[in-house]
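Let me begin by presenting the structure, written as structure tokens, before commenting on it.
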Amino acid sequence: LVNIVTAVNVGSKDENELTNGFTHLLEHLILFRGTEKRSGEEILKEMRSHGAYFNGHTGRDVTTFEISIPSKFFNFALEIHKEMLFNLKITEKGLKEEKEIILKEINSYFDDPEQYGQKLMYEQLFKGHPYSFPIYGNKENIKRVTVEEIYSFYKNYFTPSNCALCVVGDIDKDYAIEKIREIFENIPSREVKHQEIMPSKPLSKTVKSIVYKDIEQAYIIIGIRAPCFEDDEQISMYILTKIIGSGFNPRLWRAFEKRGRIIHNIKMFYIPYKYCGVVTLIITLPSKRVKTAERIIRKVLKGARSSRYSKDEYMLRENYYLPVLDELESAKNQAKIEQYAGFEIGLNIAMAVSKFLILRKNKTNESFIEKINKVNPTDLRKVASKYLYQDRYSIVIIKPENEKK
């Protein structure tokens, strides 16, 4: 196989209250609605006849388009990739049909407690900043947008100077470079007008909202500001997130088990965006346990700044009497396993590299694994003190509708 990914420097960060949803709509139009040469049905037929997988993903910072195909069809993949990205044809009929599809998608997100809760959490955490906009978009914007408006948005951002292309797979490097130049070099390129994005103001205190939906269990969704992409503390936060809520036997799970396993499930993940990172915690549980769970969560998060993380930090006599979990070493090993597993999937590598080429600020030769190896307990306490200890969380609690008073 050969995998081709193009990352475009456009996402919900480039939208405003009147254009939120345009990037997601464009992703759909590019994938399914055809070009100046071929209809969407013809492109789908061509892709299937060549055994290709193709898809796209809209993000807050970057939107990606990918093709995975047998390497003998590399030239075809490059040609059609170029055609779809830079020769989009938008018709009234195609736009209307894609609007209907996206509006159904948005309704499904509103019905999903996790998706809806994260939407509200981001709105609270980034009030007044483009990161507060949902990636899938605003329904009213989608309904009213015209062919002229969406085409203008497309022409501003979809130009080679605003893109990064990555090829990974069973292909000769020199041949690939030659074909990329041959196929892509004649596309007119222009300067892109990105709106100026100012740093968002951090929360001065915790903001909490409670909503009710037709569900059987409760949800606690917590958002916490974290280091941005390529920040010196990015890897430390990545490791700390594993120790607290997403790795092997994490602290939060152990803390809840001491109370008799009062929750159903925990998810915790960290996303480093270009302008600010976010740690998200999602917990499902019986509604009557919400207050207890909140107290436990705050205690674990605040306690992270004064904790010991490595076996080396425990006195010898403590080690002698009690087994000590080396949380730091465990989390590092998990992070390395994930990284190496990602190296085995060409499409994942291509997506990661293309995004990196768009988002990177500093050129460094230090690998991700080398950065992981350098993290020490002091780094973890420092990042915990800076981001987790301060009571500045965005909290959304979703409860069953029948409990609404």
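Side-chain N/O atoms of H81 and E66 include no donor and acceptor closer than 3.5 Å. Side chains of N156 and Y154: a donor-acceptor N/O pair is absent below 3.5 angstrom, by distance only. If you check the side chains of D391 and T206, you find a donor sitting under 3.5 Å from an acceptor. Side-chain atoms of K82 and N87 form no donor-acceptor pair, as typed in the model, at a separation below 3.5 Å. For Q334 and S330, the side-chain atoms include at least one donor-acceptor pair closer than 3.5 Å. Side-chain contact check for E329 and S310: no donor-acceptor pair (N or O, by modelled atom type) lies under 3.5 Å. A donor-acceptor pair shorter than 3.5 Å can be found between the side chains of T19 and N16. One side chain, E27 or T58, offers a donor N or O that lies under 3.5 Å from an acceptor on the other.
For K274 and E230, the salt-bridge test fails: no basic side-chain N is under 4.0 Å from an acidic carboxylate O. Between K242 and E327 no salt bridge is recorded (no basic side-chain N to carboxylate O distance below 4.0 Å). Look at E114 and K267 and you find a salt bridge, because one of the NZ, NE, NH1 or NH2 atoms lies within 4.0 Å of a carboxylate O, short of that distance. K288 and E403 are not joined by a salt bridge, as no carboxylate oxygen comes within less than 4.0 angstrom of a charged side-chain nitrogen. The pair E366-K374 counts as a salt bridge, with a side-chain nitrogen and a carboxylate oxygen less than 4.0 angstrom apart.
A 4.5 Å side-chain heavy-atom check between L301 and Y389 finds every atom pair outside the cut-off. Annotation: side chain of T35 is not in contact with side chain of F86 (no heavy-atom distance under 4.5 Å). Put simply, the side chain of L31 reaches to within 4.5 Å of the side chain of F54, judged on heavy atoms.
Between Y131 and Y273, the distance separating the two ring centers is shorter than 6.0 angstrom. Aromatic ring centres of H194 and Y157: separated by under 6.0 Å.
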Please table the atom pairs, donor to acceptor, closer than 3.5 Å between any side-chain atom in residues 215-229 and protein atoms at least two apart or in another chain.
| unit_1 | atom_1 | unit_2 | atom_2 | d |
| --- | --- | --- | --- | --- |
| Q217 | NE2 | Y219 | OH | 3.3 |
| R225 | NH1 | S200 | OG | 2.8 |
| R225 | NH2 | L125 | O | 2.9 |
| R225 | NH2 | S200 | OG | 3.0 |
| R225 | NH2 | K201 | O | 2.8 |

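In this structure, F32 and H28 have perpendicular ring planes: the angle between them is above 60°, well past the 30° mark.
Looking only at distances, a side-chain donor or acceptor of R144 sits under 3.5 Å from a matching main-chain atom of L18. A donor-acceptor contact shorter than 3.5 Å is absent between the side chain of Y238 and the backbone of I372.
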Worksheet item: Are K37 and E42 close enough, and set up right, to give a salt bridge (charged side-chain N to carboxylate O under 4.0 Å, His left out), and what steps lead you there?
Response: CA-CA 10 Å; K37 294 181 180 179; E42 289 172 329; over 6 Å; no
Discussion item. The test is salt bridge (charged side-chain N to carboxylate O under 4.0 Å, His left out); show your working for E401 and K213 and say whether it passes.
Written reply: CA-CA 5 Å; E401 205 164 46; K213 293 186 78 68; over 6 Å; no
Discussion item. Between F73 and H50, does the ring-ring contact (aromatic ring centres under 6.0 Å, His included) criterion hold? Intermediate values first, please.
Written reply: CA-CA 7 Å; F73 300 129; H50 287 83; 4.7 Å; yes
Item to complete: Start with the C-alpha distance between D14 and F22, add both sets of side-chain angles, then the distance that settles side chain to side chain contact (heavy atoms under 4.5 Å, CB included), and finish with yes or no.
Response: CA-CA 10 Å; D14 300 287; F22 282 21; over 6 Å; no
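Residues E123 and K119 share a closest heavy-atom pair of OE2-NZ, 2.6 Å. When all heavy atoms are compared, the tightest approach of P70 to G51 is CD-O, 3.6 Å. Residues F126 and S132 come closest through the heavy atom pair O-CB, 3.2 Å. Among all heavy-atom pairs drawn from A350 and V5, the shortest one is CB-CG2, 3.5 Å. Here the shortest heavy-atom pairing between G21 and I142 reads O-CD1, 3.6 Å.
Among L328, D379, V383, the single residue meeting the side chain to side chain contact (heavy atoms under 4.5 Å, CB included) criterion with I239 is L328.
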